[in-house]
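Below: the structure, in structure tokens.
We count ligands from 1, going down the list as the structure has it; atoms in each ligand are counted the same way.
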Amino acid sequence: MKEGMGKVAVAAAVIGAAAVVGVAALVVRQRMKSSGRWARAMAIVKEFEEKCGTPDIKLKQVADAMTVEMHAGLASEGGSKLKMLISYVDNLPKGDEEGVFYALDLGGTNFRVLRVQLGGKAGGIVHQEFTEASIPPALMGGTSDALFDYIAEKLAKFVAEEEQKFHQPPGRQRELGFTFSFPVMQTSINSGTLIRWTKGFSISDAVGQDVVAELTKALQRKGVEMRVAALVNDTIGTLAGGRYTNKDVAVSIILGTGTNAAYVERAQAIPKWHGPLPKTGEMVINMEWGNFRSLHLPLTEYDHAMDVESLNPGEQIFEKMTSGMYLGEILRRVLLKIAEEAAFFGDEVPAKLKISFILRTPDMSAMHHDTSSDLRVVGQKLKDVLEISNTSLKKRRIVVKLCNIVTARGARLAAAGVLGVLKKMGLDSLKEPEKTVVAMDGGLFEHYAEYRGCLENTLRELVGEETASSIVVEHSNDGSGIGAALLAASHSLYLKDKS
Ligand code: GLC
């Protein structure tokens, strides 16, 4: 019996030892597996970082390519990926604009309706108010009538609430500046046809239509009496709004949902301009730089995949690398890759991570700016947005690193774009540098501090210390709406009555 028990005990001990060995082996295997996974994830991150590299020399090539494309786009219609659209604005605000004007600002996730009272010479902006609404996603892919009706309705409501003191004098119609931030081939200051949609809009029956005619019809349907006096891109509005407060503004850049630039060009330097030379000799150009593309752009597999799956494949490549609509999506794609190929978030790939555009740039920005020692915000965002819980600090750090890679590439490329524009204007190498103000606006620039800081530093680095002191980057808050109102004022039907 005793002996038997001894045997059992030995057997148990053997089994126990085997189990310990087994568990130990499992732990080791698990560790090896997880360290193998970690190594794999790090390899993917490293490769991504390398592919996104933007050393100064590359940025200068990008800037030069931008300058070359600007020349080509000005020379002939279709001469470049850059449309270099003529805005019909040859006269930027001077400060003597007067009266009550409306503005409609459509072009991103939100749209705004504004009422602005301009005080004439030295009067400045006496009063401004606005209302904002988001565009229901269904309208972004519906019909032209549905979109314009929706806008006209909001405008009708806003007008109906107008205080008596803002009423127009008898016999005078209300006038509106329409900021429509998509590529438009203008035929005059207040007419132009939509070339194509960008930024996730895809309303096919609007392409090729006169935007002002579409809006005017919708205003009539909704019973709003209003004349569209100016049709402008947001870059043009920002340039106009910026110039109103600072006469040195000569370039404007939008970094928001999309990205674009406008600048003041000598009319004679626009071979494709066949109109009479403006008295001022100048013409503001809407570059549509979002569509810039060059072999020097550091594109990755993630950019290619995002582009192929987008509503506008092959188009807006620069925009897809630099603007707010896309930065979060690029990050999501890299996170998905490390989840799939290196089980970065556990054995199961988190389902939410597979949903395109679920990770928005504001969420990415919140993670990027997390200053807590345990990266609490990163953990919370991963949980709230992607339903990924229990991430280690080490993993959160990688997420922040990825935010930084994507953002730095975007901001540095945007800075290179600005340098390209300055070069075209001849401002990068003047012996006696003129003070030039670049008016910037857009949610990305305004709210993503890391992006903005990186852009400003890079631009300073690229133009060199000497020139940097004469190039000022200024945030032109909400310039585009006010700018549209100002341009409506300077193109008012009643202007002659006053003089
Ligand atoms: C897109 C539009 C452009 C606009 C920019 C910024 O690139 O095509 O017209 O200016 O976004 O909103």
Query raised in the report: Which one holds for Asn286 and ligand 1: side chain close, backbone close, both close, or neither close, with close meaning a heavy atom under 4.0 Å?
Result: neither
Requested in this report: Determine whether the aromatic ring centres of Phe166 and His127 lie less than 6.0 Å apart.
Outcome: yes
Query raised in the report: Any side-chain donor-acceptor pair under 3.5 Å between Thr407 and Asn404?
Result: no
Query raised in the report: Strictly under 4.0 Å, does any heavy atom of Gly290 approach an atom of ligand 1?
Result: no
**Report entry** Element-labelled atoms of ligand 1 that are located less than 4.0 Å from some non-hydrogen atom of Asn260
**Finding:** 3 (C), 4 (C), 5 (C), 9 (O), 10 (O)
**Report entry** Numbered atoms and elements of ligand 1 in range of Thr198, under 4.0 angstrom, heavy atoms
**Finding:** 1 (C), 2 (C), 8 (O)
Report task. Tell me which protein heavy atom sits closest to atom 12 (O) of ligand 1, plus the residue, atom name and distance to 0.1 Å. Result -> Asp234 OD2, 2.6 Å
Query raised in the report: side-chain hydrogen bond (donor to acceptor under 3.5 Å, both in side chains): which pairs involve residues 237-258, sequence neighbours left out?
Result: Asn246-Glu474
Query raised in the report: Nearest protein heavy atom to atom 11 (O) of ligand 1, by residue and atom, and its distance?
Result: Lys199 NZ, 3.1 Å
Query - atom 8 (O) of ligand 1: nearest protein contact (heavy atom, Å) - result: Glu288 OE1, 2.8 Å
Query raised in the report: Can you tell me which residue and heavy atom of the protein come closest to atom 1 (C) of ligand 1, and the distance to 0.1 Å?
Result: Glu319 OE1, 3.1 Å
Query - Atoms in ligand 1 with a heavy atom of Gly258 nearer than 4.0 Å - result: 6 (C), 11 (O)
Query raised in the report: Taking the six-membered ring for Trp, are the ring centroids of Tyr451 and His368 within less than 6.0 Å of each other?
Result: no
Query raised in the report: For ligand 1, is there an atom lying under 4.0 Å from some heavy atom of Gly256?
Result: no
Query raised in the report: More than 12 non-hydrogen atoms from neighbouring residues, nucleotides or ligands closer than 6.0 Å to CD on Glu309, yes or no?
Result: yes
Report task. Quick one: do Glu288 and Arg196 satisfy salt bridge (charged side-chain N to carboxylate O under 4.0 Å, His left out)? Show the steps, please. Result -> CA-CA 11 Å; Glu288 284 297 325; Arg196 57 163 185 257; 5.6 Å; no
Requested in this report: Before accepting this row, confirm whether a basic side-chain N of the pair Arg221/Asp145 lies closer than 4.0 Å to the acidic partner's carboxylate O.
Outcome: yes
